[in-house]
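Take a look at the structure below.
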Amino acid sequence: MSLAELETSGVRPSLVGLTRAGLADALASIGVPEREIRMRVNQLWHWIYFQGVSDFDRMTNVAKALRAKLSEHFSLARPEVVAEQVSSDGTRKWLIRLAPTGKDKPAEIECVYIPESDRGTLCVSSQVGCTLTCTFCHTGTQKLVRNLTSQEIVQQLVVARDRIGDFPGLTAPTDGLLPSGEGVRAVSNIVFMGMGEPLYNFDNVRDAIGVMSDGDGLSLSKRRITVSTSGVVPQIPTLGEEAGTMLAISLHAVRDDLRNTLVPLNKKYNIRDLLEACRNYPGLSNARRITFEYVMLKGVNDSPAEARELVRLLKGIPAKINLIPFNPWPGTKYECSDWDVIEKFSDIVFNAGYASPVRTPRGRDILAACGQLKSETEKVRARARLMMEAEEQAQG
Ligand code: SAH
Ligand code: SF4
């Protein structure tokens with residue numbers, strides 16, 4: 001629904017999550033003179049994204065008459081959190097109901113927050129469902145309901161920061177965990193690894209990243225934002241040029257015949273073309289590596305020969321390799337590789353010079369780890385951990 005349609009429907013549209021251009025349109029629609037718009041957008045930006053306010057009356061440097069007009073036409077509402085679950089390991093999962101958009105039924109998405117001692121990672125969704133049909137993925141069995149708007153993508157971060165008390169004046173919850181290091185932000189990293197294929201909703205993902213990384217507002221470094229793709233090759237250079245984030249590739253197989261079944265998009269863009277796009281990813285360097293995700297499927301892709309082939313394929317690409325134990329879901333035909341097999345695979349990758357953390361599922365008790373939603377890294381070995389840390393320090 002457009003702003004005008006929403007207004008006639010009696011719902012006051014929320015300004016939270018809009019881009020600067022979106023805010024400018026909103027202001028113009030209520031008659032704010034053109035010459036004032038830039039200044040007013042800057043004011044709103046500060047209050048919405050830096051201060052996190054949810055009441056126009058707190059915008060003390062905005063004239064009272066304009067505040068009244070704003071609240072007559074707009075709101076600062078966040079999407080509804082239908083359920084919040086906190087895992088015993090501190091992971092939080094929110095079920096978020098999006099505002100209805102015209103004819104669509106209200107859609108629900110999950111958003112997961114994974115705290116560690118020195119960082120807090122938010123896993124966001126880019127679509128409701130997915131058009132792709134990766135055979136090991138739970139989201140792949142759901143039809144695509146719709147793309148999220150850039151506003152809805154940004155709202156996931158705002159909801160998370162509300163809930164963990166990460167705007168000025170809010171208090172942090174007493175349950176769960178928060179990262180504790182000096183100067184560490186509660187949400188320090190974002191991964192587009194929730195529902196959906198972000199590169200099939202590129203414009204909205206790019207615009208959302210623009211809002212999330214804006215230094216006057218939410219202010220997340222682009223080096224701490226990672227977009228994960230199953231391999232939409234033509235959009236990879238565009239992501240680098242227009243969004244400038246870190247890139248993660250869901251590789252999962254080292255041969256085209258197997259990848260064709262696991263990630264059917266491979267039939268369109270094969271491994272060679274995918275790796276070529278990776279080699280040319282703008283800004284790639286040893287300090288800005290591509291993450292290759294590899295889900296460990298028992299007896300399918302987990303042999304030592306495949307580990308060696310993986311290392312050979314990635315030669316020359318500044319890379320990190322993330323081994324992900326498969327999270328089973330009802331009805332799946334796959335099983336997770338046995339732990340000793342994962343260790344062996346990881347050893348081969350590690351001995352070839354890659355940090356090879358195995359992602360230990362987080363939030364299993366609240367099903368935040370299952371299928372489509374996954375977690376940050378926990379490292380198998382002290383050495384691997386040290387390598388990662390050294391690398392992160394190098395990245396700043
Ligand atoms: N569509 C994008 C991003 C969302 S999926 C992509 O495919 O990259 C995020 C990650 O979770 C991907 O690496 C995906 O392959 C992985 N994944 C999906 N289902 C999984 C499962 N059941 N167990 C473990 N990882 C899974
Ligand atoms: Fe879609 Fe990613 Fe799941 Fe594949 S792995 S079905 S691209 S969400």
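Start at 1 and go down the list; that is how both ligands and their atoms are numbered. We count residues from 1, following the sequence as given.
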Beyond-backbone contact of [X] with [Y], side-chain heavy atoms, under 4.5 angstrom:
X: F292; Y: I317; result: yes
X: T332; Y: F326; result: yes
X: N189; Y: T226; result: no

How does [X] reach ligand 1, by side chain, by backbone, by both or by neither, if only non-hydrogen atoms under 4.0 Å count?
X: T229; answer: backbone
X: E197; answer: both
X: F136; answer: both
X: I324; answer: side chain

Notebook entry, point to check: When you check the gap from the basic side-chain N to the acidic O, do E309 and R312 get nearer than 4.0 Å?
Noted result: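 Between R312 and E309 there is a salt bridge, with a charged N closer than 4.0 Å to a carboxylate O.
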
Margin query: Do the side chains of D256 and R259 get close enough for a salt bridge, i.e. N-O under 4.0 angstrom?
Written below: no

List every atom of ligand 1 that sits less than 4.0 Å from any heavy atom of [X], numbering the atoms from 1 in the order shown and giving each element.
X: F192; result: 3 (C)
X: G196; result: 1 (N), 2 (C), 3 (C), 4 (C)
X: C137; result: 18 (C), 19 (N)
X: W329; result: 22 (N)
X: M193; result: 4 (C), 9 (C)
X: V295; result: 24 (C), 25 (N)
X: N327; result: 21 (C), 22 (N), 23 (N), 24 (C)
X: E293; result: 10 (C), 12 (C), 13 (O)

Q.
I'd like to know whether CZ of F50 has more than 12 heavy-atom contacts from other residues, nucleotides or ligands below 6.0 angstrom.
A.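 Open.
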
- Quick check: are there more than 12 heavy atoms from other residues, nucleotides or ligands sitting under 6.0 Å from NZ of K222?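 Yes, enclosed.
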
message: Please state which option from S250, P198, P328 has its nearest heavy atom closest to atom 8 (O) of ligand 1.
response: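 Looking at heavy atoms only, the winner is S250.
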
Of G196, G129, C134, the residue with the heavy atom nearest atom 8 (S) of ligand 2 is G196

[X] heavy atom under 4.0 Å from ligand 1:
X: H252; value: yes
X: C134; value: no
X: Y334; value: no
X: G194; value: yes

### Message
For a quick check under 3.5 Å, do E197 and S126 share a side-chain donor-acceptor pair by atom type?
### Response
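Judged by distance alone, the side chains do not pair up.
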
Quiz item: Just one of I290, V227, I249 clears the side chain to side chain contact (heavy atoms under 4.5 Å, CB included) bar with I236, so which one?
Solution: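 Passing option: I249.
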
Test side chain to side chain contact (heavy atoms under 4.5 Å, CB included), reference L27, set K69, R38, R40, output is R40

Within 4.0 Å of some non-hydrogen atom of S230, the atoms of ligand 2 are 7 (S)

Please identify which atoms of ligand 2 are closer than 4.0 Å to at least one heavy atom of L132.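 The atoms of ligand 2 under 4.0 Å from a heavy atom of L132 are 6 (S), 7 (S).
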
field: Charged tip of R20 within 45° of W45 ring normal and under 6.0 Å
entry: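 Yes.
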
Whether R67 engages the ring of F56 as a cation-pi pair (distance to the six-membered ring centre under 6.0 angstrom, angle to the ring normal within 45°) should be assessed. no

Look at the N, O or S atoms of C130, main chain and side chain alike, and state whether any lies under 2.8 Å from atom 1 (Fe) of ligand 2.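 Of the N, O and S atoms in C130, at least one lies under 2.8 Å from atom 1 (Fe) of ligand 2, which means yes.
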
Going through the distances and angles, do H252 and E293 end up as a side-chain hydrogen bond (donor to acceptor under 3.5 Å, both in side chains)? CA-CA 6 Å; H252 309 316; E293 299 164 276; over 6 Å; no

Could you tell me whether any N, O or S atom belonging to C137 is less than 2.8 Å from atom 4 (Fe) of ligand 2?
-> no

